[in-house]
Amino acid sequence: MPLLWLILIVVAIAAVGYVLGRARALQSAGGDSRGLHSLPTFYGANVALKTAVPAFGLLIVWLLVQPIFVNSQISGMIPDTEVEEGSSRSLVMAEVRRTAYGLENAVAQGNITEDAASNANADIAEVTQSLKDAGQIVTSEITQPILLAAQSYRVMNSGGYSVMSIAVILIALAGAVFSWRQTQSEYRARNVVEQGVRVLLLAAASIAILTTVGIVLSLVFNTWEFFKLYPASDFFFGTTWSPSFSGRGGSSSLGVLPLLWGTLYISIVALLVAVPIGLFAAIYLSEYASPRVRSFAKPMLEVLAGIPTIVYGLFALLTVGPLLLEVFGDDGLGWMKAGTAVMTAGLVMGVMLIPFVSSLSDDIINAVPQAMRDGSYGLGANQSETIRQVVLPAALPGIVGAVLLAASRAIGETMIVVMGAGAAARLSLNPFEAMTTVTAKIVSQLTGDADFASPEALVAFALGMTLFILTLGLNVFALYIVRKYREQYE
Amino acid sequence: MNDMSRVERQVDTNKIKLECRDCQVYYGETHAIKDVNVDIEDKTVTAFIGPSGCGKSTFLRCLNRMNDTIDVARVKGSFKLDGEDIYDKRVDPVQLRAKVGMVFQKPNPFPKSIYDNVAYGPRIHGLARNKAELDEIVEKSLRRGAIWNEVKDRLDAPGTGLSGGQQQRLCIARAVATEPEVLLMDEPCSALDPIATAQVEELIDELRSRYSVVIVTHSMQQAARVSQKTAFFHLGNLVEFGETGQIFTNPEDPRTESYITGRIG
């Protein structure tokens with residue numbers, strides 16, 4: 001039975017349960033909903049909840065557990081002789097799964113009869129050929145044990161799914177009947193439903209947190225792998241970055257310092273552009289602009305935030321780079337060799353960050369109580385004195401938060417760097433030289449054709465971890481600043 | 001509280017500090033203040049009383065052009081401080097506010113240290129030539145604000161960390177530090193407890209020896225206690241203006257009588 005049908009059946013049972021539960025509740029109160037503990041809909045929802053939640057819970061658990069179980073069973077069936085030298089059991093298992101799916105699809109398409117597919121003594125060459133005819137992917141020729149394993153894989157899987165369908169429907173029905181019988185006028189359905197809502201919200205919150213944990217764990221394990229292959233001190237304190245893609249290990253120097261330097265340099269240039277412009281724009285918008293100008297200018301500024309970074313990258317590559325080259329290149333001051341440079345990427349990234357700084361700062365400046373401004377005006381301060389000495393200090397924690405947020409954006413930015421700053425990892429003070437950042441190198445290390453188990457590829461995870469800790473630190477620091485100074489003017 | 005002192009009050013000899021004639025204020029289409037004529041005398045406490053929304057705070061804010069910061073507000077009429085029209089184009093509202101200080105309803109210390117709060121005005125107006133002079137101004141102002149003894153050991157502590165009553169006295173000290181000629185107070189005690197109120201009232205009485213004080217209040221007892229002149233506003237009109245004793249004991253207008261006896265408002 002297809003999964004969709006199963007889900008629809010459970011939903012249907014829940015819906016029927018809702019209607020019946022509601023009706024039974026009303027009936028138990030003699031048709032007068034005032035005699036009930038909760039509103040009739042709560043009784044209906046109670047039945048629907050107790051029908052659907054255990055059934056879907058079982059469904060999810062079963063879907064997670066069954067493949068693991070079947071895999072371990074089938075894996076035991078394959079004799080060790082079948083596992084070739086230099087290969088591994090998991091590769092053979094992949095072959096078995098592919099064959100099983102091939103058979104399944106071929107049967108579904110009608111290229112093979114069900115009997116032929118499950119015939120244990122079938123001719124292997126024939127099966128391979130008919131699978132190929134059916135357009136299924138078969139890598140090499142199928143051996144006898146693999147065919148057998150694939151066939152029992154099919155049987156166990158389909159059998160398992162049938163049992164699952166029945167079990168799920170039974171659980172749903174049981175839940176429906178149980179909760180329907182529970183339904184009486186004194187039953188506290190509202191409290192149960194409230195609990196259900198609470199759990200739902202909790203689940204949503206924990207998914208976000210668990211995902212973060214999962215991401216961190218996947219980084220941690222791969223980073224650990226990397227440090228087993230490559231000394232940590234060379235990674236953290238090495239000043240050259242030259243991964244070799246042809247040789248394996250040994251010949252690569254994977255020092256993170258040039259990349260970190262590039263990241264920080266470009267981010268600093270970007271922040272030097274974004275913070276003053278963004279802050280001044282925010283001050284203009286919140287303190288000087290008339291409501292009409294503000295209602296027009298603020299969305300315009302925020303449009304900047306909606307431009308994809310790849311478009312900024314194009315802007316850097318095609319407009320800003322050549323422009324800078326004209327002024328600072330060989331025809332001008334002679335500091336710049338090519339259009340891709342720290343300055344190019346930094347300037348464009350700064351433009352990208354302006355709306356972050358301005359929009360957040362604008363909200364924060366607006367949140368400074370009018371009483372502060374009145375107090376300052378009442379003492380004979382003019383507008384700029386008031387802003388400089390009263391409004392900005394009061395808004396400072398929020399502004400610092402906005403700047404740090406922009407900083408973590410800058411550190412994590414990739415596309416603009418790839419297109420605007422070049423690809424050379426270099427420790428240099430000249431902002432008109434090409435440099436690269438941690439993120440750009442993660443992309444190039446993982447998208448190359450290096451073996452995934454080599455330090456050249458695994459270094460991407462170590463880089464990712466470094467970056468993650470860097471931005472996490474910045475965010476925590478931002479939160480700390482904002483929290484520490486928040487109450488000061490409230 | 002002090003009927004005796006009310007009798008003793010001598011206000012006739014004081015010259016007129018701020019003369020307001022035919023004052024009108026509009027908030028957009030709303031005519032908030034209608035034909036108000038008031039003379040604020042020097043070295044006198046003038047109280048504005050009246051029910052909520054009668055325009056007394058609005059009128060107070062006209063006296064140092066604080067209504068300029070509200071876009072929709074328009075002010076008409078003549079306001080003469082020492083004979084000079086404060087709404088004249090040549091007058092800088094910023095300088096005017098240095099002469100006509102203001103204390104607000106809710107204590108609003110800046111998120112700075114106590115010292116910096118008081119030094120704020122003197123600094124922006126360049127009243128002190130050096131640090132020693134500034135220290136002196138701050139101490140003098142805090143003493144005049146009757147809060148020196150409570151904060152002298154923690155001038156570097158944030159002004160927002162003080163209690164409500166202390167904050168309000170700090171705000172008064174802050175306003176006094178710029179040496180204003182007129183001090184406007186918009187319900188300065190409405191957020192304070194009775195003890196803090198008593199302290200602030202005592203302070204107002206002391207300030208009278210140097211400044212002309214205008215106070216808006218909801219409390220008629222407070223007006224009776226601290227002021228020498230009282231103006232009663234109702235629905236944007238100035239109903240009655242005169243000696244405080246006169247207004248509270250023998251009002252001319254029946255509306256005033258209704259208000260002070262608690263029948264309206």
Side-chain angles (χ1 to χ4, degrees), chain A residues 279 283-298 361-402 480-490, chain B residues 57 60-61 63-72 92-113 116-127 141 158-161 167-168 170-180 183-186 191:
Chain A
L279 200 55
I283 290 171
Y284 172 74
L285 283 181
S286 58
E287 297 285 326
Y288 290 91
S290 68
R292 221 157 45 92
V293 172
R294 189 182 141 84
S295 67
F296 164 79
K298 205 178 176 203
S361 305
D362 176 55
D363 292 344
I364 290 153
I365 290 173
N366 270 328
V368 173
Q370 183 62 31
M372 290 289 144
R373 299 189 183 91
D374 281 351
S376 178
Y377 291 139
L379 291 171
N382 63 24
Q383 200 163 9
S384 76
E385 283 165 341
T386 302
I387 291 165
R388 229 176 26 245
Q389 303 198 25
V390 174
V391 176
L392 284 187
L396 193 65
I399 291 172
V400 170
Y480 168 77
I481 293 273
V482 170
R483 291 232 175 102
K484 181 167 179 201
Y485 295 103
R486 179 184 282 160
E487 306 94 344
Q488 271 215 341
Y489 60 90
E490 278 170 1
Chain B
S57 288
L60 189 77
R61 289 167 67 95
L63 301 183
N64 69 344
R65 293 185 62 173
M66 278 302 276
N67 285 333
D68 288 15
T69 61
I70 300 169
D71 291 335
V72 292
D92 182 1
V94 168
Q95 283 189 328
L96 169 73
R97 288 180 202 136
K99 276 197 246 174
V100 184
M102 188 154 194
V103 175
F104 295 85
Q105 182 172 2
K106 226 178 113 198
N108 57 349
F110 302 133
K112 299 167 178 282
S113 71
D116 287 337
N117 260 286
V118 181
Y120 183 82
R123 274 191 184 131
I124 58 176
H125 296 299
L127 298 182
S141 308
T160 42
Q167 285 189 8
Q168 191 62 300
L170 176 64
C171 291
I172 293 172
R174 187 176 72 183
V176 167
T178 54
E179 295 286 344
L183 193 56
L184 308 178
M185 300 179 134
D186 191 354

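Chain naming here is simple, since letters A, B, ... match the order of the sequence lines and numbering starts at 1 in each.
- Residue B:Pro93 does not touch chain A at all, counting heavy-atom pairs closer than 4.5 Å.
- The residue among B:Lys99, B:Met102, B:Arg123, B:Met66 with the most heavy atom pairs within less than 4.5 Å of chain A is B:Met66.
- Under the 3.5 Å distance criterion, the side-chain polar atoms of B:Lys112 are matched with a main-chain donor or acceptor of A:Gln389.
- In this structure, CG on B:Asp186 lies 9.5 Å from CG on A:Asp374, to the nearest 0.5 angstrom.
- Crowding of A:Gln370 atom CD: a count of heavy atoms from other residues, nucleotides or ligands under 6.0 Å exceeding 12.
- Residue contact with chain B, scored on non-hydrogen atoms closer than 4.5 Å, involves the backbone and the side chain of A:Ser376 alike.
- Taken to the nearest 0.5 Å, the CG atom of B:Asn64 stands 13.0 Å off from the OH atom of A:Tyr377.
- The number of heavy-atom neighbours closer than 6.0 Å to OH of A:Tyr288, taken from other residues, nucleotides and ligands shown, is above 12.
- Not a single donor-acceptor pair under 3.5 Å links the side chain of A:Asn382 to the backbone N or O of B:Val94.
- At least one side-chain heavy atom of A:Met372 sits less than 4.5 Å from a side-chain heavy atom of B:Pro111.
- Residue B:Val100 touches chain A through its backbone alone, counting heavy-atom pairs closer than 4.5 Å.
- In this structure, chain A has heavy atoms under 4.5 Å from both the backbone and the side chain of B:Phe110.
- Expressed to the nearest 0.5 Å, how far OG1 of A:Thr386 lies from CD1 of B:Ile124 amounts to 7.0 Å.
- Shortest non-hydrogen contact noted between B:Tyr120 and A:Ala381 is OH-CB, 3.6 Å.
- Both the backbone and the side chain of B:Arg174 come within less than 4.5 Å of a heavy atom in chain A.
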